[in-house]
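The block underneath contains the structure these notes are about, expressed in structure tokens.
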Amino acid sequence: MIASTIRKAVIAALWLAFLTFPLMVVKVNTLKDLVEWRWINLAWVLYSGFFASLVWQVLYQYRKTKKADDEDDPSLQGLSLGDRLMVSLKDPYVLVLLFALAYFVGLYPLVSFEFWRWSCKIALAVLAAKLAYKLFLVKKVRSCSAVMKESPLSKPILFAVLGIAVIYFPFSVDSYQVNIMVLALIYVVLGLGLNITVGLAGLLDLGYIAFFAVGAYTYGLLNTHFGLDFWICLPLGGLIGTFFGVLLGLPILRLRGDYLAIVTLGFGMIAHQVLTNWTDVFKGNLGIHKIERPGFFGMEMDLAQATTYTYFLVVLLVIGTIFVTNRLKDSRIGRAWMALREDEIACVAMGIDMARTKLSAYAFGAFWAGTVGVIFAARNTSINPNSFTFLESAIVLSIVVLGGMGSIFGVIIAALVMMLMPEYLRDIGEYRWLVFGAVMVLMMIFRPQGLIANQRRTYKYEGAKGEES
Amino acid sequence: MEKLLDVRGLTMDFGGLRAVDNVSLEINKGEIVALIGPNGAGKTTFFNCTTGIYTPTGGDVVIHPPGEAEVRINGMKPNRITTLGMARTFQNIRLFPAMTVLENVMIGRHCRTSTDIIGAILRGPNTKKQEKETIEKSYALLEKVGLDHLANEFAKNLPYGAQRRLEIARAMATDPFLLLLDEPAAGMNPQETKELDELIVRIAREEGISILLIEHDMKLVMNISERIYVMEYGKLLAYGPPEEIKNNPKVIEAYLGEEAVHA
């Protein structure tokens with residue numbers, strides 16, 4: 001078993017090296033008519049390929065056998081320490097962590113990236129925790145999630161800790177970090193908004209960023225031309241976003257699936273073109289500058305304070321979005337959206353007005369994009385069409401898909417990861433996009449339901465028979 | 001007899017193909033009526049025309065909701081027709097697979113409740129009350145079709161027969177006075193068919209919901225229906241009580257075949 005796994009990994013690494021040889025190793029210098037042989041790259045490919053194959057095999061095996069979560073694995077109980085170690089070593093999480101650790105440690109002396117050292121430490125810490133749990137604690141404590149579910153206090157405590165962390169964050173780091181976090185949180189709101197359209201109502205929207213642009217330009221134009229205040233523009237941005245949502249929603253009522261995706265893609269492109277080329281109004285690629293930051297009863301703020309203030313504004317907006325989406329999800333409206341996603345014909349046959357339901361989902365998603373667009377413009381103080389390209393739409397869509405369609409918590413995590421990961425991986429330069437792409441591919445193969453699968457609410461029934469569902 | 005559904009001279013063309021040709025049918029209060037015919041006779045097209053999925057090319061579809069004025073529903077949207085009180089199930093099951101069993105039934109309550117977006121966000125006392133009623137009614141319906149123990153399962157995980165029953169429960173959640181069942185027994189084993197048979201009769205007797213069903217299972221049709229309409233090549237071939245249909249030579253030739261002649 002072990003021998004065959006390693007053999008397969010070696011073969012995979014060699015094959016990968018062979019395939020990428022012309023690309024990674026051979027470099028033709030056309031100026032000097034020389035061929036450069038970059039053998040160090042070969043070593044990299046072999047080394048990385050070997051470990052990637054190991055991880056792949058473990059995951060693949062795990063996916064095939066897919067057991068229930070092993071937190072309370074009965075096979076661990078009553079075993080001696082040595083036996084437990086053996087069983088633990090078969091656990092896919094432990095194995096993958098072990099491989100990752102070996103990979104990073106093997107390169108430790110060679111690489112000086114800060115990112116590398118951190119990865120190393122994190123892998124070690126997680127592995128140690130996992131092993132310690134498996135070896136010593138599994139009999140004594142129940143799994144963390146079980147404790148969470150049972151204790152009535154756990155939820156308030158969790159929220160309190162989270163709340164303190166959120167409040168403390170801007171004061172513990174410099175304003176550059178806060179600024180990045182603001183952007184990440186803006187994408188959280190975008191993700192949650194698109195989650196309504198795509199995740200709940202199943203309307204694949206590839207031009208979502210257009211509504212974001214509507215919000216941003218609403219504030220940008222109204223502020224620079226008419227001096228309208230941030231607080232007036234915030235609801236206006238949302239309303240105008242909604243208006244465009246309805247406007248664009250009307251012609252696509254009859255479409256679904258691929259057709260809808262193409263049309264919305266077109267909308268996104270049109271929006272970008274209009275912003276770029278209608279220079280009289282939108283100033284083209286120059287964009288709009290000197291947009292005011294959000295004010296607080298006319299208080300004077302320096303840059304750092306303004307950033308912190310924006311941070312708290314967007315945190316409030318995130319909380320609002322979560323609250324509203326959560327309420328809607330388990331309501332008559334939310335159920336209608338989901339029914340629409342599941343089966344359109346059955347949906348109308350059950351008495352649901354398809355046009356209204358579709359429009360409301362589309363417009364409601366647009367509402368959040370418009371609202372958060374205003375904050376985006378206020379954060380950047382200058383906007384131009386390059387912030388609203390198809391790539392941004394694709395990123396927001398990836399956030400929804402990676403997070404788990406319809407799952408609020410998953411979307412938040414995914415948005416933070418998607419926006420912060422490239423930022424904190426800057427150490428490894430352009431390779432970060434490679435890591436980023438690889439993570440997305442692997443996610444879709446091994447966890448197609450997203451980080452956190454959408455859980456359906458269960459209802460309890462205390463009716464005539466007093467039964468519990 | 002109080003007429004509930006009155007279809008007169010219904011015709012449906014798809015390009016040059018006449019799928020339903022001048023078919024008339026009526027259903028009275030409390031009746032179980034069956035529509036039979038060989039494959040491709042136009043039964044499902046007839047259903048789709050009456051429930052608004054298609055707009056018929058000709059003829060009238062008129063419904064008489066009890067205690068209300070009659071309505072001509074040609075070309076009306078399906079959701080309006082369901083709201084008026086005529087619900088249906090599908091030949092190829094069309095549930096909402098990634099929603100729970102209870103939620104599937106709760107969807108049926110959609111057109112009888114009124115919470116809007118603002119109401120759902122604020123979740124005031126009215127919304128809460130409505131939500132509670134929805135859950136209770138849906139649960140009661142699940143009990144009626146015997147699926148209450150599966151309320152929180154995903155619909156896609158149900159066995160085939162249970163999915164059929166869930167579809168019926170979901171249609172009943174819209175408070176219909178007339179239920180249109182499109183081959184409810186398709187793919188069921190004899191035991192399941194028998195249970196379904198009882199369920200349909202119970203719905204008609206206890207709930208006072210009239211039923212029009214398309215069915216291939218002759219035993220089921222002959223057992224429970226009070227009148228039978230027979231279609232062939234889009235045309236109405238015959239109609240009458242089961243005994244008469246059984247002995248009608250035209251029907252025997254077209255549909256029931258040799259087997260029935262000797263039965």
Side-chain angles (χ1 to χ4, degrees), chain A residues 196 199-200 202 242 253 320-321 323-357 359-361 363-364 367 404-406 449 453-469, chain B residues 51-53 77-84 87-90 93-100 102-104 106-117 119-123 127 130-131 134-140 142-143 148-152 154-156 167 170-171 173-176:
Chain A
I196 295 172
L200 290 182
T242 313
L253 278 177
T321 323
F323 176 78
V324 169
T325 320
N326 207 15
R327 281 261 163 117
L328 280 176
K329 222 172 107 171
D330 290 318
S331 71
R332 173 175 176 268
I333 305 292
R335 281 194 300 271
W337 284 341
M338 279 186 279
L340 190 72
R341 172 190 73 194
E342 297 291 311
D343 191 323
E344 236 171 66
I345 291 180
C347 184
V348 289
M350 287 306 114
I352 291 173
D353 188 335
M354 188 180 72
R356 271 178 73 164
T357 310
L359 269 187
S360 65
F364 205 66
F367 170 79
M405 294 266 214
Q449 70 272 47
N454 185 21
Q455 296 246 320
R456 280 318 302 147
R457 172 153 173 222
T458 53
Y459 295 88
K460 281 194 175 161
Y461 174 70
E462 294 103 12
K465 285 189 179 173
E467 275 177 342
E468 203 177 85
S469 55
Chain B
T51 53
I53 309 263
K77 283 199 177 143
N79 56 302
R80 286 276 303 128
I81 294 175
T82 307
T83 311
L84 285 171
R88 68 169 294 179
T89 67
F90 293 88
I93 302 175
R94 279 181 174 274
L95 288 168
F96 307 118
M99 295 172 79
T100 67
L102 188 68
E103 278 176 325
N104 264 275
M106 285 164 86
I107 288 291
R109 299 297 305 161
H110 185 95
C111 58
R112 302 288 170 227
T113 45
S114 61
T115 307
D116 55 5
I117 288 190
I121 294 171
L122 299 179
R123 204 175 274 178
T127 311
Q130 224 175 54
E131 193 75 4
T134 304
I135 295 172
E136 274 168 14
K137 279 208 173 129
S138 308
Y139 207 90
L142 283 180
E143 274 176 354
D148 46 318
H149 59 293
L150 297 170
N152 287 323
F154 276 124
K156 63 183 169 199
E167 245 202 333
R170 186 181 66 177
T174 61
D175 284 345

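Fair warning: this is a prediction, and the values are worked out from it, not measured in the lab.
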Check: [X] side chain, [Y] main-chain N or O, donor-acceptor pair, under 3.5 Å:
{"X": "B:T82", "Y": "A:A349", "value": "yes"}
{"X": "A:E342", "Y": "B:A98", "value": "yes"}
{"X": "B:R94", "Y": "A:I345", "value": "no"}
{"X": "A:R332", "Y": "B:T113", "value": "yes"}

Could you pull out the closest heavy-atom pair between [X] and [Y], with the gap in Å?
{"X": "A:A346", "Y": "B:F96", "result": "CB-CE2, 3.8 Å"}
{"X": "A:L328", "Y": "B:A120", "result": "CD2-CB, 3.7 Å"}
{"X": "A:G351", "Y": "B:T83", "result": "O-OG1, 4.3 Å"}

- Message: Less than 4.0 angstrom from a charged side-chain N to a carboxylate O is my criterion; do A:R335 and B:E131 meet it?
- Response: yes
Residue pair [X] / [Y], side-chain heavy-atom distance below 4.5 Å:
{"X": "A:M350", "Y": "B:R170", "value": "yes"}
{"X": "B:T115", "Y": "A:S331", "value": "no"}
{"X": "A:D343", "Y": "B:L95", "value": "no"}

Could you grab the distance from atom [atom1] of [X] to atom [atom2] of [Y], nearest 0.5 Å is fine?
{"X": "B:I121", "Y": "A:F364", "atom1": "CD1", "atom2": "CZ", "answer": "4.0 Å"}
{"X": "A:R327", "Y": "B:I117", "atom1": "CZ", "atom2": "CD1", "answer": "14.5 Å"}
{"X": "B:I107", "Y": "A:L340", "atom1": "CD1", "atom2": "CG", "answer": "9.5 Å"}
{"X": "B:D116", "Y": "A:I333", "atom1": "CG", "atom2": "CD1", "answer": "6.5 Å"}

- Task: Please flag which part of B:I53 lies under 4.5 Å from any non-hydrogen atom of chain A: side chain, backbone, both or neither.
- Result: side chain
- Item | Option in A:A336, A:C347, A:A339 with maximal non-hydrogen atom pairs under 4.5 Å from chain B | A:A339
- Query: What option among B:A171, B:S114, B:A155 has the most heavy-atom pairs under 4.5 Å with chain A?
  - Reply: B:S114
